[in-house]
Amino acid sequence: MQVLYQNPDNGAVHDVTTLLASPKWKTERNGAAGSFTFSALPSAVEWQHGGIVRVMRGTAGIFYGYVFKIKKGSDGMTDITAYDQLRYLKNKNTYVFTNVTASRVIKEICGDFDLKTGNIPDTGYVIPSMVEDGQELFDIMLKALDYTLINTNRMFYLWDDFGKISVSEVSDGKLGFMLGDGSLATDYSYESSIDGDTYNQVKLLRDNEQTGKRDLYLFKDSGNIGRWGLLQYYENVDESMNAAQIEERGSMLLELYNRPEKTFSVDAISDLRARAGKMIFVRMKALGINQYCLIEEAEHDFSERTMKLKLKIV
């Protein structure tokens, strides 16, 4: 691993690899920027906000980001937190979109905020309308990707590809190695929960200009309501949607969310190919898992050469 730091004022580049203690790289699939954190030994390097941090492994770029936090201690060490370009998606703005794909939404927002982009493929589904007033850019983009997932069952994710905001389809990101019994894993914990995005009733409302009232569409699983209690998903749908489209949307929402979320965390030997949004094959006999799982969060400890993964069974 090589770590380079570039001064934002004079452009000077420093190889700070030997100055670092406890370097860690973390990525999350939803709503958070990738981060690279470390403690730096005392040196002549002048750490500044906005300084560029690049992490390389040979010729491959691992992380490209900007210094956001600088913390100095009495021991002379300096704690640094750098975030990749996704950090700038915490900015807020107002947008009104009509008949656009999620990829178009993402490209337009990135253009407005002068953010560098990489590969952003056509996500296919055309969203009838989105009205977002004073919302985080992250939330707007993720909402557009959620619309695509609900209506096409295709899951895309945002990520920073070494300094360029990119979009990839989860199904295309299967890693070429296994995790589990006899392979990399050292410890794990498992959780099944209905406390997050689990819903057994979907309630959709549409404004009806002709009647001056609101049309109600309800979809439910009475069996699961009896077992878990009522867990309702609520949404005002676009008034341009017809009854058939709303019926299809409600059915797909219930199919997607009417089940417990199954996640587990794994401690393992580090493999830098593992990052949030990728799929990794997991074989754990004790949990009955023998399939590809989605990496929700990944943290690599470069000092210990270990990684912590939060995985979701999809």
Side-chain angles (χ1 to χ4, degrees), residues 1 23-36 55-65 83-87 89 102-103 106 117-121 123 138 141-142 145-146 148-149 152-191 197 256 261-284 287 289-302 304-314:
M1 180 188 71
K24 294 180 180 179
W25 171 49
K26 184 176 182 179
T27 55
E28 299 183 38
R29 188 177 66 86
N30 270 332
S35 65
F36 184 69
V55 182
M56 309 287 296
R57 185 183 185 187
T59 59
I62 302 298
F63 173 86
Y64 187 108
Y83 293 110
D84 63 28
Q85 203 178 193
L86 295 182
R87 171 59 179 77
L89 298 184
S103 49
I106 293 167
T117 57
N119 183 39
I120 302 178
T123 49
F138 239 139
M141 291 182 179
L142 294 178
L145 293 176
D146 281 345
T148 303
L149 170 63
T152 68
N153 208 32
R154 296 175 67 191
M155 182 182 291
F156 292 87
Y157 66 100
L158 276 169
W159 63 295
D160 185 286
D161 185 7
F162 199 62
K164 296 180 180 179
I165 292 178
S166 303
V167 173
S168 294
E169 190 164 2
V170 166
S171 60
D172 292 335
K174 294 180 179 178
L175 297 173
F177 63 95
M178 190 190 80
L179 182 68
D181 298 332
S183 179
L184 300 180
T186 58
D187 195 11
Y188 67 85
S189 62
Y190 172 84
E191 178 179 273
D197 288 330
L256 183 65
E261 288 188 287
K262 298 178 181 180
T263 60
F264 60 105
S265 298
V266 178
D267 294 342
I269 299 169
S270 179
D271 187 312
L272 295 178
R273 290 174 291 176
R275 61 171 299 153
K278 296 290 187 179
M279 298 283 282
I280 186 170
F281 194 86
V282 179
R283 180 175 294 151
M284 289 187 171
L287 297 178
I289 299 172
N290 189 41
Q291 66 179 82
Y292 276 99
C293 295
L294 175 62
I295 302 176
E296 291 282 286
E297 298 178 15
E299 182 177 67
H300 294 267
D301 187 321
F302 289 91
E304 301 294 330
R305 297 184 179 180
T306 59
M307 63 182 179
K308 293 180 180 293
L309 304 181
K310 182 178 179 181
L311 303 167
K312 183 175 182 178
I313 301 173
V314 292

Kindly compute the distance separating [atom1] ([X]) from [atom2] ([Y]), expressed to the nearest 0.5 Å.
{"X": "Leu294", "Y": "Lys310", "atom1": "CG", "atom2": "NZ", "result": "11.0 Å"}
{"X": "Leu184", "Y": "Phe177", "atom1": "CG", "atom2": "CZ", "result": "6.5 Å"}
{"X": "Thr148", "Y": "Phe156", "atom1": "OG1", "atom2": "CZ", "result": "7.0 Å"}
{"X": "Ile165", "Y": "Met141", "atom1": "CD1", "atom2": "CE", "result": "5.5 Å"}
{"X": "Tyr188", "Y": "Leu309", "atom1": "OH", "atom2": "CG", "result": "15.5 Å"}
{"X": "Ser35", "Y": "Lys24", "atom1": "OG", "atom2": "NZ", "result": "10.5 Å"}

Does [X] have any side-chain contact (heavy atoms from CB on, under 4.5 Å) partners at least two apart in sequence or in another chain, and if so, which?
{"X": "Ser171", "value": "Glu169"}
{"X": "Asp84", "value": "Ala33, Phe63, Leu86, Asp160"}
{"X": "Ala185", "value": "Leu179, Val266, Met284"}
{"X": "Ser103", "value": "Thr101, Ile120, Asp122, Thr123"}

Any side-chain heavy atom of [X] sitting closer than 4.5 Å to one from [Y]?
{"X": "Leu158", "Y": "Leu89", "result": "yes"}
{"X": "Leu149", "Y": "Leu256", "result": "yes"}
{"X": "Ile295", "Y": "Leu311", "result": "yes"}
{"X": "Val170", "Y": "Tyr157", "result": "yes"}
{"X": "Trp25", "Y": "Val55", "result": "no"}

For [X], give me all partners under ring-ring contact (aromatic ring centres under 6.0 Å, His included), at least two apart in sequence or on another chain.
{"X": "Phe138", "value": "none"}
{"X": "Tyr292", "value": "Phe281"}
{"X": "Phe162", "value": "Tyr64"}

Which atom pair, heavy atoms only, marks the closest approach of [X] to [Y]?
{"X": "Leu287", "Y": "Tyr190", "result": "CD2-CB, 3.9 Å"}
{"X": "Met178", "Y": "Ser183", "result": "O-OG, 2.6 Å"}
{"X": "Ile269", "Y": "Met307", "result": "O-CE, 3.4 Å"}

Decide yes or no on side chain to side chain contact (heavy atoms under 4.5 Å, CB included) for Thr306 and Thr186, but give the supporting numbers first.
CA-CA 10 Å; Thr306 59; Thr186 58; over 6 Å; no
Applying salt bridge (Lys or Arg N to Asp or Glu O under 4.0 Å), name anything that partners [X], two or more places apart in sequence or on another chain.
{"X": "Lys308", "answer": "Asp267"}
{"X": "Glu304", "answer": "none"}
{"X": "Glu299", "answer": "none"}
{"X": "Asp197", "answer": "none"}

Among Glu297, Glu261, Glu296, which residue meets the salt bridge (charged side-chain N to carboxylate O under 4.0 Å, His left out) test with Lys312?
Glu261
Which donor-acceptor pairs under 3.5 Å do the side chains of residues 270-279 make with protein atoms, sequence neighbours left out?
unit_1 : atom_1 : unit_2 : atom_2 : d
Ser270 : OG     : His300 : ND1    : 2.8
Asp271 : OD1    : Arg273 : N      : 3.0
Asp271 : OD1    : Arg273 : NE     : 3.0
Asp271 : OD2    : Arg273 : NE     : 3.4
Asp271 : OD2    : Arg273 : NH2    : 2.8

